[in-house]
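Some notes on the structure that comes next.
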Amino acid sequence: MNDPVTHQKPEIEVKARGDLPPGTVQLARTKVLALLDEVREPVLFARIRLTRTHNPATERPCLAQANLDVNGRPARAHVAAESMTEAVDLLRDRLTLRVSRLRRHWEAQRGGAPKAGEHEWRHGEEPTHRPDHFPRPVEEREVIRHKSFSLARETPDEAAFEMETMDYGFHLFTDLTTGQDSVIYRAKPTGYRLAQLHPRPEQLGTVAVPLAMSPTPAPLTNPAEAKKRLDATGLPFVFFANDTTGHGNNLHHRYDGHYGLITPAE
């Protein structure tokens, strides 16, 4: 086995908020630095956020998040736990998994087509580590974050990989084959589900991940009506066609009990 290539490790930025036990910041930095020793690609950026909430309704008040830039590819992990020590350990484990996925992805690209069994990371991993949603009353919820960016043009396989590497619950993208704005998300018991503005199952092509396509077109509506739909259904998000732009939008629940809106850049 080849020895890992030694790269200069970045200075890890750690942001802490709330009443944390002494030594927590250094513990988190030490564990992530140890992880970076095992990364063969250069890590260009590393940031950790540690937060302890004081909401008595929250069973897991300790939150830990890390963002890495591994040779130009982002990796992210976001966990919640009863204690900050447990959160830091969970963060290290989740980040290790994500970096491992990036490595296997690079190795598959260098070696040609992936072999059977190389997609085991893509399913069977329900994210029970995720933070709990704050039970904010419906009348108090607002759309407090609006993110607009150019959607990646990629295949469902690439979208699933992106979603898992970034530890997201869904991923909004433009399907490479059909050119349609689409969203991919986890589907129980294992696998993924794909929703598109105008579903075209016959154009899906060969997909490596276990994937089902929603046969229902995305509703043509606006963010205000999408908010009502989200409140009424209790779903984690609503994917819809914006009645002004025609593009796919995604309105979702945030962990603080408010909403986030994702739209493609014009």
Check your understanding: Do N242 and N222 pass the side chain to side chain contact (heavy atoms under 4.5 Å, CB included) test, and can you show the C-alpha distance, the side-chain angles, and the key distance before you say yes or no?
Key -> CA-CA 5 Å; N242 190 291; N222 55 62; 5.7 Å; no
Exercise for review: Output yes when a side-chain donor or acceptor of H258 lies under 3.5 Å from a complementary backbone atom of V143, and no otherwise.
Suggested key: no
Review point. If we ignore angles and hydrogens, is there a donor and acceptor under 3.5 Å between the side chains of T177 and Q203?
Key: no
Check your understanding: In Å, rounded to the nearest 0.5 Å, how long is the span from CZ of R254 to CG of L261?
Key -> 11.5 Å
Check your understanding: Can you tell if the side chain of P199 reaches within under 4.5 Å of the side chain of P217, non-hydrogen atoms only?
Key -> yes
Exercise for review: Check L50 against A64 and note the closest heavy-atom contact, atom names and distance.
Suggested key: CD2-CB, 3.8 Å
Exercise for review: Give the intermediate values and the outcome of side chain to side chain contact (heavy atoms under 4.5 Å, CB included) for residues R94 and L91.
Suggested key: CA-CA 5 Å; R94 298 297 300 180; L91 184 69; 5.7 Å; no
Review point. Any chance the side chains of H247 and T263 put a donor and an acceptor closer than 3.5 Å?
Key: no
Point to revise | Any side-chain heavy-atom pair of P264 and N249 under 4.5 Å | key: yes
Exercise for review: State the OG-CZ distance between S214 and F239, to the nearest 0.5 angstrom.
Suggested key: 9.5 Å
Review point. Is it true that V207 and L194 fall in one hydrophobic cluster, defined by side-chain heavy atoms closer than 4.5 Å?
Key: yes
Check your understanding: Minimum heavy-atom separation for A152 to F173, with atom names?
Key -> O-CB, 3.6 Å
Exercise for review: Please check if atom CD in Q26 has more than 12 non-hydrogen atoms from other residues, nucleotides or ligands closer than 6.0 Å.
Suggested key: yes
**Study point:** Ion pair check, E158 and R153, cut-off under 4.0 Å
**Key:** no
Point to revise | H78 side-chain N/O to L63 backbone N/O, donor-acceptor pair under 3.5 Å | key: no
Review point. Side chains of D175 and T178: do they bring a donor and an acceptor to under 3.5 Å?
Key: yes
Exercise for review: Evaluate the salt bridge (Lys or Arg N to Asp or Glu O under 4.0 Å) criterion for residues D69 and R73: first the C-alpha distance (whole Å), next the side-chain angles of each, then the deciding distance (0.1 Å), finally the verdict.
Suggested key: CA-CA 6 Å; D69 181 332; R73 290 297 302 267; over 6 Å; no
Check your understanding: Would you say D181's side chain and G248's backbone share a donor-acceptor pair under 3.5 angstrom?
Key -> yes
**Study point:** Interatomic spacing from CD1 in I48 to OG1 in T24 - rounded to 0.5 Å
**Key:** 11.5 Å
Review point. Considering residues, nucleotides and ligands other than R17, do more than 12 of their heavy atoms fall under 6.0 Å from its CZ?
Key: no
Point to revise | Within one Ile-Leu-Val-Met-Phe-Trp-Tyr cluster: V14 and V32, side-chain cutoff 4.5 Å | key: yes
Point to revise | Test of ring centre spacing under 6.0 Å for H252 and F170 | key: yes
Check your understanding: Would I12 and L27 show up in the same hydrophobic cluster when neighbours are defined by side-chain heavy atoms closer than 4.5 Å?
Key -> yes
**Study point:** Exam field: side chain D157 to backbone A208, donor-acceptor pair closer than 3.5 Å
**Key:** yes
**Study point:** Of D89, D93, L90, the residue whose pairing with V79 passes side chain to side chain contact (heavy atoms under 4.5 Å, CB included)
**Key:** L90
**Study point:** Close side-chain approach of P21 to M84, heavy-atom, < 4.5 Å
**Key:** yes
Practice item. Apply the test side chain to side chain contact (heavy atoms under 4.5 Å, CB included) to residues Q65 and N67: give CA-CA distance (whole Å), side-chain angles for both, the deciding distance (0.1 Å), then the verdict. Key: CA-CA 7 Å; Q65 178 178 324; N67 293 74; 3.1 Å; yes
Review point. When you check the side-chain N and O atoms of E154 and H171, is any donor under 3.5 Å from an acceptor?
Key: yes
**Study point:** Nearest-0.5 Å distance, NZ of residue K227 to CZ of residue R229
**Key:** 14.0 Å
Study note, to complete from the structure: Nearest heavy-atom approach of S150 to A265 is N-CB, 3.8 Å
Point to revise | Distance, nearest 0.5 Å, that separates CD1 of I184 from CD of Q196 | key: 10.0 Å
Point to revise | Shared hydrophobic cluster for L211 and M163 (ILVMFWY, side-chain gaps under 4.5 Å) | key: yes
Exercise for review: Could you pull out the closest heavy-atom pair between A241 and G246, with the gap in Å?
Suggested key: CB-O, 4.4 Å
**Study point:** Near-ring test Y185/F237, centroid separation under 6.0 angstrom
**Key:** yes
Exercise for review: Take E13 and K15 through the test salt bridge (Lys or Arg N to Asp or Glu O under 4.0 Å) and record every step on the way to the result.
Suggested key: CA-CA 7 Å; E13 175 188 344; K15 295 185 177 180; 3.5 Å; yes
Practice item. Nearest 0.5 Å please: distance from the CG atom of D231 over to the CG atom of L251. Key: 8.5 Å
Check your understanding: So which of V70, V43, V99, L95 actually passes side chain to side chain contact (heavy atoms under 4.5 Å, CB included) with L36?
Key -> V43
Review point. Are L230 and L172 in one and the same hydrophobic cluster, where Ile, Leu, Val, Met, Phe, Trp and Tyr link if side-chain heavy atoms are under 4.5 Å apart?
Key: no
Review point. Backbone N or O of R76 within a donor-acceptor pair of the R98 side chain at under 3.5 Å?
Key: yes
Review point. Can you name the closest pair of heavy atoms from G257 and R141 and give their distance?
Key: O-CG, 3.2 Å
Check your understanding: If you look at every heavy atom in A46 and P10, which pair is closest and at what distance?
Key -> CB-CG, 4.1 Å
Point to revise | Test item: Q180 side-chain N/O and H198 main-chain N/O as donor-acceptor pair under 3.5 Å | key: yes
